[in-house]
Amino acid sequence: MPPQSFCNANMYNVIILGLAFMFIFTAFQTTSMVQKTVLHSASNTTKQGDGYVSLGVIYTTFALCNWIAPVIIFLCGTKISMIVGGVTYLLFILSFLKPIYWTLYFGSVLIGFGAAVIWTAQGAFLTNNSNSETMSRNSGIFWALLQCSLLWGNIYTYFTFQGKEVISDQMRLQLFAGLSGACGLGVLLLFILRSKVPPPPLSTDEPSMDKLDCSPANIAGVKSTFLRAFQLFKNKDMLLLLLPFVYTGIELTFFSGIYGTCLANNKHFGDKAKGLIGISGMVIGLGEILGGGIFGIFGKWTQRYGKDPFILLGYVVHVTACFLAFINLPHDSAQVESDYPTYFPSSIAVALVCSFLLGFGDSIFNTQIFAILGTVFPEDGAPAFALYKFAQSMAAAISFMYSIALPLQWQLLIMVILGTFASLSFFTLEWTIFGRLPRYYKILKQNDDNSEAGDRGDHGNENDDIDDVEDDDDEDDVYDVNQQDQLINGHEN
């Protein structure tokens, strides 16, 4: 297959995957942000359940099911697995048309299972459609498209909920009927994903996760796939990533469920408080899209300079957001409507700046984690992403549970402390990988300089292909993407 065909087919898959997830998570992200408020309004007539408890159940089930998700993907393939996962999201959204106590929590368990399958399959599918040169770019493109989901549903929510103290049944029906339609469209898009066009193989030892035989002869393969996640759990590189995984779960909980509730419960904002759930979600989405777009366009920067400068940027951005939330919101606003005095007069502008920073920082952490998993574990995409989602969702579940009672300032302190250690852990892994590849990074930088010189017409005696660049200290070496992957994958399995 010519290289151009590989690029076209795989880029098509990345874009369609991003669009499908955009529609599915337009429905789910909007639901998670308004769930607490909607259920509180509905509870005036009957007991509907608690939004925080529901989200906690979702992420607990999500965490546990991540251990079996690679087996399901092995048996069914990535495409079918994502479709099955998408259907569970649709069923969960539909349950809000007539919220009932038992359907809320049953739907929470169902979507927790579906989330484990769809996200593990997504990670494997994205890895299968990328190589070490394109993983950062493809992760950024996918992430930018995905986070457009924070715009559309929240635009509707803002204009519908603004000035409303109680969410009526009619408003709820209109909202969730529209969200169900968006989720259904996302599931349909998954059907038009193409079969993977393989790049030059990284290894011929492992079968593709995109299409696998489900015959009884593969029982040994199923067992091997299941055990591989446990083997990776003991891997030194994976252990260094556990803290970043956990941190993304904590901050996901905060910006996707808790922060919007804090804004809606802040009586200092008056009748604009409920509408701020939607506009905050839009601004978070803008931060996510900007971050994903930057790394989609300039993904090669992470190859040249490493990922640690960008993780440091994400850490600083999130610490700033935590400080702004601390001084701008009442400490008990995560649980009840409050007019408790704040350190700084509550400002909608400051609240929206905080929203943007939360989204931008989240995009940095997640795109860099996607990229490093796809690069360091190219042959173990499903189990590696399953472990990522296990740690992330378990942390999110715990966070939603303690959010029921823990004041806002303590939640922010947990984020800052955990973010500090997570960043240091990521730095350690990145420096370890960089140490394995000093010559590659040198060659890559020289190749980029040659390309820039070529664009100016000043080729001199420099080579155009990275495979022909001479090493200054040793004899001539030929480096291609496969050799880079071999160097990166110097970790213990």
Side-chain angles (χ1 to χ4, degrees), residues 25 28-29 31-37 39 49-66 92 104-105 108-109 111-112 115-116 119 150 241-265 277 280-281 284 288 314-315 317-319 321-326 329-336 354-355 357-359 361-366 369 387-423 425-426:
F25 284 90
F28 179 70
Q29 295 276 30
T31 298
S32 67
M33 288 186 175
V34 304
Q35 182 174 338
K36 178 78 173 177
T37 303
L39 291 175
D50 185 274
Y52 284 166
V53 174
S54 169
L55 291 167
V57 171
I58 289 173
Y59 285 100
T60 300
T61 310
F62 186 1
L64 297 176
C65 289
N66 271 299
F92 178 74
L104 173 68
Y105 295 126
S108 300
V109 173
I111 198 175
W119 278 111
L150 289 167
L241 284 170
L242 283 180
L243 275 179
F245 293 169
V246 169
Y247 176 69
T248 60
I250 298 296
E251 52 97 3
L252 167 68
T253 301
F254 185 75
F255 83 77
S256 67
I258 297 168
Y259 187 66
T261 300
C262 291
L263 297 181
N265 285 342
I277 298 176
S280 172
I284 289 172
E288 297 273 14
Y315 169 72
V317 164
H318 268 177
V319 169
C322 288
F323 175 74
L324 293 177
F326 174 71
L329 297 173
H331 292 169
D332 56 350
S333 58
Q335 291 81 33
V336 296
C354 183
S355 299
L357 295 177
L358 286 170
D362 179 68
S363 71
I364 293 175
F365 275 97
N366 279 280
I369 288 174
L387 285 176
Y388 166 38
K389 288 300 176 179
F390 165 76
Q392 183 187 64
S393 52
M394 183 59 74
I398 294 171
S399 182
F400 274 120
M401 291 303 182
Y402 68 59
S403 297
I404 296 173
L406 197 63
L408 178 63
Q409 71 268 30
W410 294 111
Q411 297 187 43
L412 294 172
L413 180 62
I414 290 172
M415 278 184 62
V416 171
I417 292 174
L418 189 57
T420 302
F421 286 103
S423 299
S425 183
F426 197 103

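It should be emphasised that the depicted structure is a prediction, and the values quoted were computed from it without experimental measurement.
- Using a 4.5 Å heavy-atom threshold, the side chains of Phe390 and Leu242 count as separate.
- The side-chain heavy atoms of Phe254 and Leu412, taken from C-beta on, include a pair separated by under 4.5 Å.
- Within the 3.5 Å criterion, the main-chain N or O of Asp362 finds no donor-acceptor partner in the side chain of Glu251.
- Listed here is the closest heavy atom pair of Cys322 and Val416: CB-CG2, 3.9 Å.
- Atom CD1 of Ile111 is separated from atom SG of Cys65 by 12.0 Å, given to the nearest 0.5 angstrom.
- Atoms CZ and CE, from Phe326 and Met415 in turn, are 14.0 Å apart once rounded to the nearest 0.5 Å.
- Residues Ile414 and Leu406 are in side-chain contact: their nearest non-hydrogen atoms beyond the backbone lie under 4.5 Å apart.
- The shortest side-chain heavy-atom distance between Asn366 and Tyr388 falls under the 4.5 Å cut-off.
- Using a 4.5 Å heavy-atom cutoff, the side chains of Leu329 and Tyr259 are in contact.
- Closest of all the heavy-atom pairs between Phe245 and Ala391 is CB-CB, 3.6 Å.
- Here the OG-CG distance, from Ser423 to Leu243, works out to 10.0 Å after rounding to the nearest 0.5 Å.
- Residues Asn265 and Val336 come closest through the heavy atom pair CB-O, 3.3 Å.
- Considering CG of Leu64 and OG of Ser393, their distance stands at 8.0 Å, rounded to 0.5 Å.
- Nearest heavy atom pair, residue Leu408 against residue Cys262, reads CD1-SG, 4.0 Å.
- The backbone N or O of Leu358 lies less than 3.5 Å from no partner atom in the side chain of Glu288, so there is not a single donor-acceptor pair.
- The two residues Val57 and Ser108 have their closest heavy-atom pair at CG1-CB, 3.8 Å.
- Smallest separation of non-hydrogen atoms from Ser403 and Ser399: OG-O, 2.5 Å.
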request  = Check step by step if side-chain contact (heavy atoms from CB on, under 4.5 Å) holds for Ile369 and Phe426.
outcome  = CA-CA 9 Å; Ile369 288 174; Phe426 197 103; 4.1 Å; yes
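- Trp119 and Phe25 have their aromatic ring centers within a separation under 6.0 angstrom.
- To the nearest 0.5 Å, atoms CG (Asp332) and CD (Gln409) are separated by 9.0 Å.
- Between the Ser425 side chain and the Phe421 main chain, no donor and acceptor come within less than 3.5 Å of each other.
- Proximity of Tyr59 to Thr253: side-chain heavy atoms (C-beta onward) are nowhere separated by under 4.5 Å.
- Between the CD atom in Gln392 and the CG atom in Leu252 there is a gap of 5.5 Å [rounded to 0.5 Å].
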